[in-house]
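These numbers come from the heavy atoms of this one structure, side chains and all, not from hydrogens, waters or symmetry mates. All values reported here derive from a predicted model rather than from experimental measurement.
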Amino acid sequence: MIDFYGEKEYINFIKNCERLCRASLEYKQWVQQKREQGGWRCVITEVTLDDASIEIHHTPFTLYDLIETVMFNIDFQTTFDVCNHVMKLHLGDYVGWSPLSKTTHEQVHNGSIVIPIQFVFGNYQYIFDHYKLTEDIASRVNVRVEQMSEAKVILGVKK
């Protein structure tokens, strides 16, 4: 594992991994695979790709959480080492995801909408079962899972 000089360097490394993952051919293949599995319709608004931009949202582990978890669990030297492992998790369907319209995705990120847990696809439980989590990551993800478990669908709009 790399020894980071400080928090800023650590965060920059994770952000670089995020960029590298999202720019990879494997990530594009994963997104296409999710589209074919129903990722063309927003799980909250039911708007389709014909009417709006549909994005694939990582949850309950964000991409940042996944990268940080991998960093805590493997021996790595470069961003490529981390990203290769993260993309194997994606392609193995060990990542939770939900298709969301661009607007809904923004609302989820700003906290005004919570995705009900039944609208999360992928075997994200695998991460809990096979990886050690730092206390910080476990806390963040468990809070999300609890909030998502309590979220309800009301009058055709998920709340």
Side-chain angles (χ1 to χ4, degrees), residues 11 14-73 79 82-159:
I11 291 169
I14 294 173
K15 296 287 185 185
N16 287 334
C17 285
E18 285 180 316
R19 279 190 287 282
L20 185 61
C21 285
R22 286 192 172 109
S24 73
L25 177 61
E26 292 85 358
Y27 192 84
K28 289 170 182 45
Q29 290 171 337
W30 177 74
V31 169
Q32 182 58 37
Q33 185 183 66
K34 298 307 121 190
R35 293 241 186 271
E36 292 166 4
Q37 295 174 352
W40 49 268
R41 178 183 302 273
C42 177
V43 294
I44 303 294
T45 64
E46 298 186 358
V47 167
T48 68
L49 194 53
D50 293 333
D51 299 319
S53 179
I54 304 296
E55 301 173 342
I56 305 298
H57 174 67
H58 289 86
T59 193
F61 288 88
T62 65
L63 184 55
Y64 191 100
D65 295 330
L66 290 167
I67 290 166
E68 200 171 21
T69 297
V70 166
M71 288 171 58
F72 186 68
N73 282 273
T79 55
V82 175
C83 291
N84 283 334
H85 195 95
V86 169
M87 292 319 304
K88 285 178 184 174
L89 290 173
H90 279 75
L91 294 173
D93 203 29
Y94 302 125
V95 174
W97 61 278
S98 294
L100 301 172
S101 70
K102 183 175 178 73
T103 302
T104 302
H105 198 181
E106 291 168 359
Q107 292 173 313
V108 167
H109 277 282
N110 74 26
S112 61
I113 292 177
V114 175
I115 302 167
I117 198 74
Q118 66 265 31
F119 296 117
V120 177
F121 308 104
N123 182 14
Y124 64 85
Q125 186 63 43
Y126 180 89
I127 306 294
F128 284 113
D129 296 341
H130 292 88
Y131 290 80
K132 289 182 252 170
L133 302 178
T134 66
E135 208 172 293
D136 191 37
I137 296 168
S139 176
R140 287 192 311 251
V141 174
N142 284 324
V143 164
R144 273 186 223 114
V145 169
E146 186 176 319
Q147 290 170 337
M148 294 165 72
S149 296
E150 294 170 356
K152 304 287 182 230
V153 178
I154 301 173
L155 300 175
V157 176
K158 289 86 180 168
K159 298 246 177 179

- What is the distance from atom CZ of Phe119 to atom SG of Cys42, rounded to the nearest 0.5 Å? 10.0 Å
- Query: What distance separates Leu25 CG from Tyr27 OH, expressed to the nearest 0.5 Å?
  - Reply: 13.5 Å
- Looking at Asp93 and Gly122, what are the two nearest heavy atoms and their distance? OD1-CA, 3.6 Å
- Task: Return yes if some donor-acceptor pair links the side-chain N/O of Lys28 with the main-chain N/O of Ala23 below 3.5 Å, else return no.
- Result: yes
- Task: Considering only NZ, NE, NH1 and NH2 on the basic side and carboxylate oxygens on the acidic side, decide whether Asp51 and Arg41 come within less than 4.0 Å.
- Result: no
- In this structure, CD1 of Ile117 is separated from CZ of Arg144 (nearest 0.5 Å) by 11.0 Å
- Query: Which atom names give the shortest non-hydrogen contact between Ile56 and Gly39, and what distance separates them?
  - Reply: CD1-O, 4.1 Å
- Query: Val31 versus Lys34: any side-chain heavy-atom pair under 4.5 Å?
  - Reply: no
- I would like to know whether Gln125 and Asp129 meet side-chain hydrogen bond (donor to acceptor under 3.5 Å, both in side chains); could you show each step before the answer? CA-CA 6 Å; Gln125 186 63 43; Asp129 296 341; 3.1 Å; yes
- Query: Which atom names give the shortest non-hydrogen contact between Gln147 and Val114, and what distance separates them?
  - Reply: O-CG1, 3.6 Å
- Taking Ser139 for its side chain and Asp136 for its backbone only, find out whether a donor-acceptor pair lies under 3.5 Å. no
- Message: Side chains of Gln33 and Gln29: any donor to acceptor distance under 3.5 Å?
- Response: no
- Task: Could you grab the distance from atom CG of Leu100 to atom NE2 of His57, nearest 0.5 Å is fine?
- Result: 6.0 Å
- Mind checking whether Tyr94 and Tyr126 have parallel, tilted or perpendicular rings, split at 30° and 60°? parallel
- Message: Using only atom types and a distance under 3.5 Å, with no angle test, would you say the side chain of Asp65 pairs donor to acceptor with the backbone of Thr62?
- Response: yes
Please tabulate, for side-chain N and O atoms in residues 83-92, each donor-acceptor pair with protein atoms closer than 3.5 Å (sequence neighbours left out).
residue: Asn84; atom: ND2; partner: Phe80; partner atom: O; Å: 3.2
residue: His85; atom: NE2; partner: Tyr131; partner atom: OH; Å: 2.7
residue: His90; atom: ND1; partner: Val86; partner atom: O; Å: 2.9
residue: His90; atom: NE2; partner: His58; partner atom: NE2; Å: 2.7

- Does any non-hydrogen side-chain atom of Leu133 lie less than 4.5 Å from one of Val141? no
- Check the pair Phe121 / Val43 against side chain to side chain contact (heavy atoms under 4.5 Å, CB included), numbers first and verdict last. CA-CA 11 Å; Phe121 308 104; Val43 294; 3.9 Å; yes
- Message: Looking at Gln107, is its backbone amide N or carbonyl O close enough to the side chain of Ser112 to form a donor-acceptor pair, meaning the two atoms are under 3.5 Å apart?
- Response: yes
- Message: Ignoring hydrogens, what is the shortest heavy-atom contact between Val120 and Gly96? Give both atom names and the distance.
- Response: CG1-CA, 4.0 Å
- Query: What's the spacing between Ile14 CD1 and Tyr64 OH if we round to 0.5 Å?
  - Reply: 3.5 Å
- Query: Between Tyr124 and Phe128, what is the ring plane arrangement, given parallel below 30°, perpendicular above 60°, and tilted in between?
  - Reply: perpendicular
- Item | Reported CD1-to-OG1 distance for the pair Ile113 and Thr103, which is rounded to 0.5 angstrom | 9.5 Å
- Message: Would Leu66 and Val95 count as a side chain to side chain contact (heavy atoms under 4.5 Å, CB included) here? Give the steps.
- Response: CA-CA 8 Å; Leu66 290 167; Val95 174; 3.8 Å; yes
- Message: Is the shortest side-chain heavy-atom distance between Ile11 and Glu68 below 4.5 Å?
- Response: no
- Start with the C-alpha gap between Met148 and Val145, add the side-chain angles, then the distance that decides, and say whether side chain to side chain contact (heavy atoms under 4.5 Å, CB included) holds. CA-CA 5 Å; Met148 294 165 72; Val145 169; 5.5 Å; no
